[in-house]
Structure formats: C-alpha cells, structure tokens
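In what follows, residues are counted from 1 in the order of the sequence shown. These figures come from a predicted structure and were not determined experimentally.
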Amino acid sequence: MKSKQFSLRFIVLLVFVLSLHSLLVFAKVFTVDFTKFIGLEIVLFVIYGLGIIVIAPGLDKNPENFVGRFLVLTTVQLLAAMSVLAAMAYVKVPEMRELSLHFISAFVLALGIQSYLLVRWVNKTN
C-alpha cells in the first residue's frame, strides 16, 4: 500500500517538474533544440520510472532492506544519467553543453524530490 501511494505521488511530481521544464524550453526561456531536449526529458522519466520498480517493494519491508534498495537505486540512476551524457559526448551532439546542463539540473532536482519523499515516507511510518 505504501509503495503505491509513494509511486503515484512521485510520478505526479516528476511529470509536473519535467512538464514545467519542457514548457520553459518550449516558450524559449532557454535556448536549446526542443526535439533533442524532449528526448532527454523522456530518458529522464524512464530512469526515474524504472527506479520506482526498484524502490517501491522496499517501502513495505524493514528499514535495512529499504536502505539497501535506496543505495542501489541512487547508484543505478547516477550511472544511467552519466551514461546518457557520455553517449551524447561520444556521438558529438550539437549543443552538448546546454543540453547536458539542462539534463543534469532536471536530474538533480528529481533526485532531490525522490530522496526527500522516500526519507519522509519511511520516517513517517516508522
């Protein structure tokens, strides 16, 4: 039950943050190629969507299980993000600097939200 509630709240917040970020790029507040940017936003959503699959079962178990899953989750997400950036550098994507800064900023914001919700959720129930 806790895992479904957390998953729903996190997905709603993630969609809100990514949509707001995309809207700012679409409105030309930030000047990057919108099609490449949307591709990175989708990758970010997939990284965090798959992360929910890793962490959600650990919410209903003991705290030690949660800590292990949380460390694995954070490590896998960081490695996935760095792999995306490395792939972009390897294929020499135009506007690499701007796109990677947007990707990293959205990634860090989503990671902060995820960590805050997870810690608050676990502390609230224990």
Side-chain angles (χ1 to χ4, degrees):
M1 184 66 175
K2 288 192 297 186
S3 61
K4 287 182 183 179
Q5 291 173 344
F6 165 77
S7 300
L8 181 63
R9 287 183 185 175
F10 180 64
I11 287 175
V12 167
L13 282 172
L14 183 63
V15 167
F16 175 74
V17 167
L18 295 180
S19 297
L20 182 62
H21 195 212
S22 298
L23 184 64
L24 290 172
V25 171
F26 184 73
K28 306 242 186 265
V29 174
F30 303 118
T31 55
V32 293
D33 183 17
F34 187 70
T35 56
K36 291 177 186 159
F37 176 79
I38 287 298
L40 288 175
E41 294 285 290
I42 291 169
V43 168
L44 210 63
F45 185 78
V46 168
I47 289 172
Y48 281 100
L50 292 175
I52 289 173
I53 295 170
V54 172
I55 197 68
L59 291 174
D60 296 325
K61 298 197 170 50
N62 63 6
E64 290 150 6
N65 188 327
F66 167 75
V67 169
R69 285 180 181 267
F70 182 75
L71 290 174
V72 168
L73 170 72
T74 306
T75 304
V76 168
Q77 288 174 331
L78 287 169
L79 287 172
M82 294 305 117
S83 297
V84 168
L85 293 175
M88 287 173 51
Y90 181 75
V91 296
K92 295 180 175 59
V93 172
E95 297 183 329
M96 168 67 183
R97 180 180 297 153
E98 293 85 2
L99 287 171
S100 61
L101 287 174
H102 282 283
F103 181 77
I104 290 171
S105 64
F107 176 82
V108 168
L109 182 61
L111 186 64
I113 292 169
Q114 174 186 274
S115 299
Y116 173 76
L117 286 177
L118 283 170
V119 169
R120 195 179 106 211
W121 201 266
V122 168
N123 285 339
K124 180 173 70 171
T125 58
N126 290 337

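Minimum interatomic distance between A106 and E41 (heavy atoms only, all atoms of both residues): CB-OE2, 4.1 Å. Across all non-hydrogen atoms, the minimal contact from S100 to L85 is CB-CD2, 3.5 Å. Taking all atoms of both residues into account, the shortest heavy-atom contact from E95 to D33 is OE1-N, 2.9 Å. Contact between L99 and P94 at its shortest, heavy atoms only, is CD1-O, 3.8 Å.
Between Y48 and F107, the distance from one ring center to the other falls under 6.0 angstrom.
You'll find the side chain of K36 stays beyond 4.5 Å of the side chain of M88, heavy atoms only. Side-chain contact between L118 and L73: present, with at least one pair of heavy atoms (C-beta onward) separated by less than 4.5 Å.
Distance alone, capped at 3.5 Å, is enough to place a donor-acceptor pair between the S105 side chain and the H102 backbone.
The OG atom of S83 sits 14.5 Å away from the OH atom of Y90 when rounded to the nearest 0.5 Å. In this structure, Q114 CD and L14 CG are separated by 9.0 Å, a value rounded to the nearest 0.5 Å.
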Assess the residue pair L50 and I53 against the criterion (side chain to side chain contact (heavy atoms under 4.5 Å, CB included)); give the C-alpha distance rounded to whole Å, side-chain angles, the decisive distance to 0.1 Å, and a yes or no. CA-CA 5 Å; L50 292 175; I53 295 170; 4.0 Å; yes

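V12 belongs to a hydrophobic cluster whose other members, connected by ILVMFWY side-chain contacts under 4.5 Å either directly or through intermediates, are L8.
Judged as a ring-ring contact (aromatic ring centres under 6.0 Å, His included), and not counting sequence neighbours, the contacts of F34 are F26. Every residue was checked against the side-chain hydrogen bond (donor to acceptor under 3.5 Å, both in side chains) condition with T31, not counting sequence neighbours, and none meets it.
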